[in-house]
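Atoms considered below: every heavy atom in the structure, side chains included; atoms not considered: hydrogens, waters and symmetry mates.
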Amino acid sequence: MAVTRKPVVEVRRSQRRRRTVSAYRDGERVVVLIPDQFSRAEESEWVDRMLARLAAREGRLARSDAELLARATRLIDLYLPEHGSAAAPASVRWVTNQNGRWGSCTPADRTIRISHRVQDMPDWVIDYVLLHELAHLIVPSHNADFWALVARYPRSERARGYLEGVAATATIP
Ligand SMILES: [Zn+2]
């Protein structure tokens with residue numbers, strides 16, 4: 001749930017711009033860059049459009065640690081109910097310093113970290129990455145017991161395929 005406050009908008013016209021419009025947040029303000037030849041009507045139409053686009057983008061990024069923990073609790077209820085206490089993490093956090101892995105966990109202190117690179121992915125992929133780490137709290141290694149737990153999530157295979165696709169694309173220079 002985002003608190004929506006109408007931002008202060010600063011429109012900058014550029015003679016170099018022909019058709020492209022862009023917008024970014026600068027503190028409390030939103031700067032919208034438009035071509036100089038835009039009419040007032042086009043300007044106001046594009047400001048509205050860019051504000052909506054920015055809000056949508058930020059809404060996705062607003063996936064917080066608290067939301068991640070709530071998501072983990074729901075996944076435990078759905079897929080690991082008999083492991084309730086064993087699978088319950090002490091903390092679940094988004095981290096930006098983890099580029100090689102989608103998620104990681106430390107069974108000793110029951111902490112889970114999920115890479116910010118997963119933040120923009122579909123919910124069902126985030127759920128898979130999270131469930132994978134929750135299952136590691138029960139079974140640390142990638143053995144048959146572990147994969148049996150993960151397979152309870154119906155979209156495990158698809159999510160793994162999705163992540164492999166992203167990883168393959170990311171390594172293309
Ligand atoms: Zn794993």
A.B. asks: Kindly assign one of parallel, tilted or perpendicular to the pair F146 and H136, based on the angle between their ring planes and the thresholds 30° and 60°.
C.D. replies: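 Rings of F146 and H136: parallel, under 30°.
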
A.B. asks: Applying a strict under-4.5 Å side-chain criterion to I, L, V, M, F, W and Y, I'd like to know whether L51 and Y24 cluster together.
C.D. replies: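 Result: no, two separate clusters.
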
A.B. asks: Return the CD1 to CD1 distance between I76 and I138, rounded to the nearest 0.5 Å.
C.D. replies: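 If I round to the nearest 0.5 Å, the distance is 7.5 Å.
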
A.B. asks: Tell me the closest heavy-atom pair linking V150 and S156, and the distance in Å.
C.D. replies: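 Nearest pair, atom of V150 first, then S156: O-OG, 2.7 Å.
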
A.B. asks: Quick check: closest heavy atoms across L137 and P107, and the distance to 0.1 Å?
C.D. replies: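 Closest approach of L137 to P107: CD2-CA, 4.0 Å.
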
A.B. asks: What is the minimum heavy-atom distance between A72 and L130, and which atoms define it?
C.D. replies: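 Looking at all heavy atoms of both residues, the shortest contact is N-CD2, 3.7 Å.
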
A.B. asks: Measuring from atom CD1 of I34 to atom CE of M50, what distance do you get when rounded to the nearest 0.5 angstrom?
C.D. replies: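 So the gap between those two atoms works out to 11.0 Å.
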
A.B. asks: Could you check whether the rings of Y79 and Y153 sit parallel, tilted or perpendicular, using 30° and 60° as the cut-offs?
C.D. replies: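 The rings of Y79 and Y153 stand perpendicular, inter-plane angle above 60°.
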
A.B. asks: Do D123 and R71 come close enough that some side-chain heavy atom pair is under 4.5 Å?
C.D. replies: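 Yes - at least one pair of side-chain heavy atoms lies under 4.5 Å apart.
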
A.B. asks: Distance from E133 atom CD to L68 atom CG, nearest 0.5 Å?
C.D. replies: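 Reported value, rounded in 0.5 Å steps: 11.0 Å.
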
A.B. asks: Could you tell me whether R113 sits above the aromatic face of W94, with NZ or CZ closer than 6.0 angstrom to the six-membered ring centre and within 45 degrees of the axis?
C.D. replies: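 No, a cation-pi geometry is absent between R113 and W94.
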
A.B. asks: Should E82 and R152 count as an ion pair when the cut-off is N to O under 4.0 Å?
C.D. replies: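 Result for this pair is yes, salt bridge flagged.
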
A.B. asks: Inspect the surroundings of CD in Q15 and state if more than 12 heavy atoms from other residues, nucleotides or ligands are less than 6.0 Å away.
C.D. replies: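 Atom CD in Q15 is not crowded, with 12 or fewer foreign heavy atoms closer than 6.0 Å.
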
A.B. asks: Strictly under 6.0 Å, is that where the ring centroids of H116 and W102 end up?
C.D. replies: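 Centroid separation for H116 and W102: 6.0 Å or greater.
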
A.B. asks: Where do A23 and V30 come nearest, in terms of heavy atoms and distance?
C.D. replies: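 That would be CB-CG1, 4.4 Å.
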
A.B. asks: Does the side chain to side chain contact (heavy atoms under 4.5 Å, CB included) test come out yes or no for I114 and R93, once each step is laid out?
C.D. replies: CA-CA 6 Å; I114 305 293; R93 294 185 299 122; over 6 Å; no

A.B. asks: Taking the side chain as everything from C-beta on, heavy atoms only, tell me whether T111 gets closer than 4.5 Å to C105.
C.D. replies: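 No - every pair of side-chain heavy atoms lies 4.5 Å or more apart.
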
A.B. asks: If you group Ile, Leu, Val, Met, Phe, Trp and Tyr by side-chain heavy-atom gaps below 4.5 Å, do I126 and V166 land in one group?
C.D. replies: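 Yes, same cluster.
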
A.B. asks: Would you compute the distance between atom CZ of R49 and atom CZ of R53 and round it to the nearest 0.5 angstrom?
C.D. replies: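 R49 atom CZ to R53 atom CZ measures 7.0 Å (nearest 0.5 Å).
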
A.B. asks: With the 4.5 Å side-chain cut-off for hydrophobic clustering, are V118 and V95 part of the same group?
C.D. replies: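 No.
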
A.B. asks: Salt bridge (Lys or Arg N to Asp or Glu O under 4.0 Å) between R12 and E10: does it pass, once the steps are laid out?
C.D. replies: CA-CA 6 Å; R12 289 187 199 155; E10 180 187 326; 2.7 Å; yes

A.B. asks: Between D26 and R29, does any NZ, NE, NH1 or NH2 come within less than 4.0 Å of an OD or OE carboxylate oxygen?
C.D. replies: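 Between D26 and R29 there is a salt bridge, with a charged N closer than 4.0 Å to a carboxylate O.
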
A.B. asks: Answer with yes or no whether the hydrophobic clustering places V139 together with V129; edges join I, L, V, M, F, W, Y residues whose side-chain heavy atoms lie under 4.5 Å apart.
C.D. replies: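 They do share one cluster, since a chain of ILVMFWY contacts under 4.5 Å joins V139 to V129.
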
A.B. asks: Are R155 and E157 within salt-bridge range, i.e. N to O under 4.0 Å?
C.D. replies: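 No, this pair does not count.
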
A.B. asks: If you measure only the distance, is there a donor-acceptor pair under 3.5 Å linking the side chains of R160 and Y128?
C.D. replies: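 Side-chain D/A pair, R160 to Y128: present.
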
A.B. asks: Does any non-hydrogen side-chain atom of R101 lie less than 4.5 Å from one of R117?
C.D. replies: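 Of all side-chain heavy-atom pairs linking R101 with R117, none is under 4.5 Å.
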
A.B. asks: With clusters defined by side-chain heavy atoms of hydrophobic residues (ILVMFWY) lying less than 4.5 Å apart, directly or transitively, does W46 cluster with V32?
C.D. replies: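 Yes, because V32 and W46 connect within a single hydrophobic cluster, where side-chain heavy atoms sit under 4.5 Å apart.
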
A.B. asks: Keeping the roles fixed (side chain from T106, backbone from D109), state whether a donor-acceptor pair exists under 3.5 Å.
C.D. replies: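 Flag not set: sc T106 to bb D109 has no pair under 3.5 Å.
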
A.B. asks: Do you know which two heavy atoms are closest between D36 and R13, and how far apart they sit?
C.D. replies: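 That closest heavy-atom pairing would be O-NH1, 2.7 Å.
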
A.B. asks: List the steps and the verdict of side chain to side chain contact (heavy atoms under 4.5 Å, CB included) for L33 and S14.
C.D. replies: CA-CA 7 Å; L33 305 161; S14 161; over 6 Å; no

A.B. asks: Considering all heavy atoms of both residues, which atom of L149 and which atom of H83 are nearest to each other, and what is their separation?
C.D. replies: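 The answer is CD2-NE2, 3.8 Å.
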
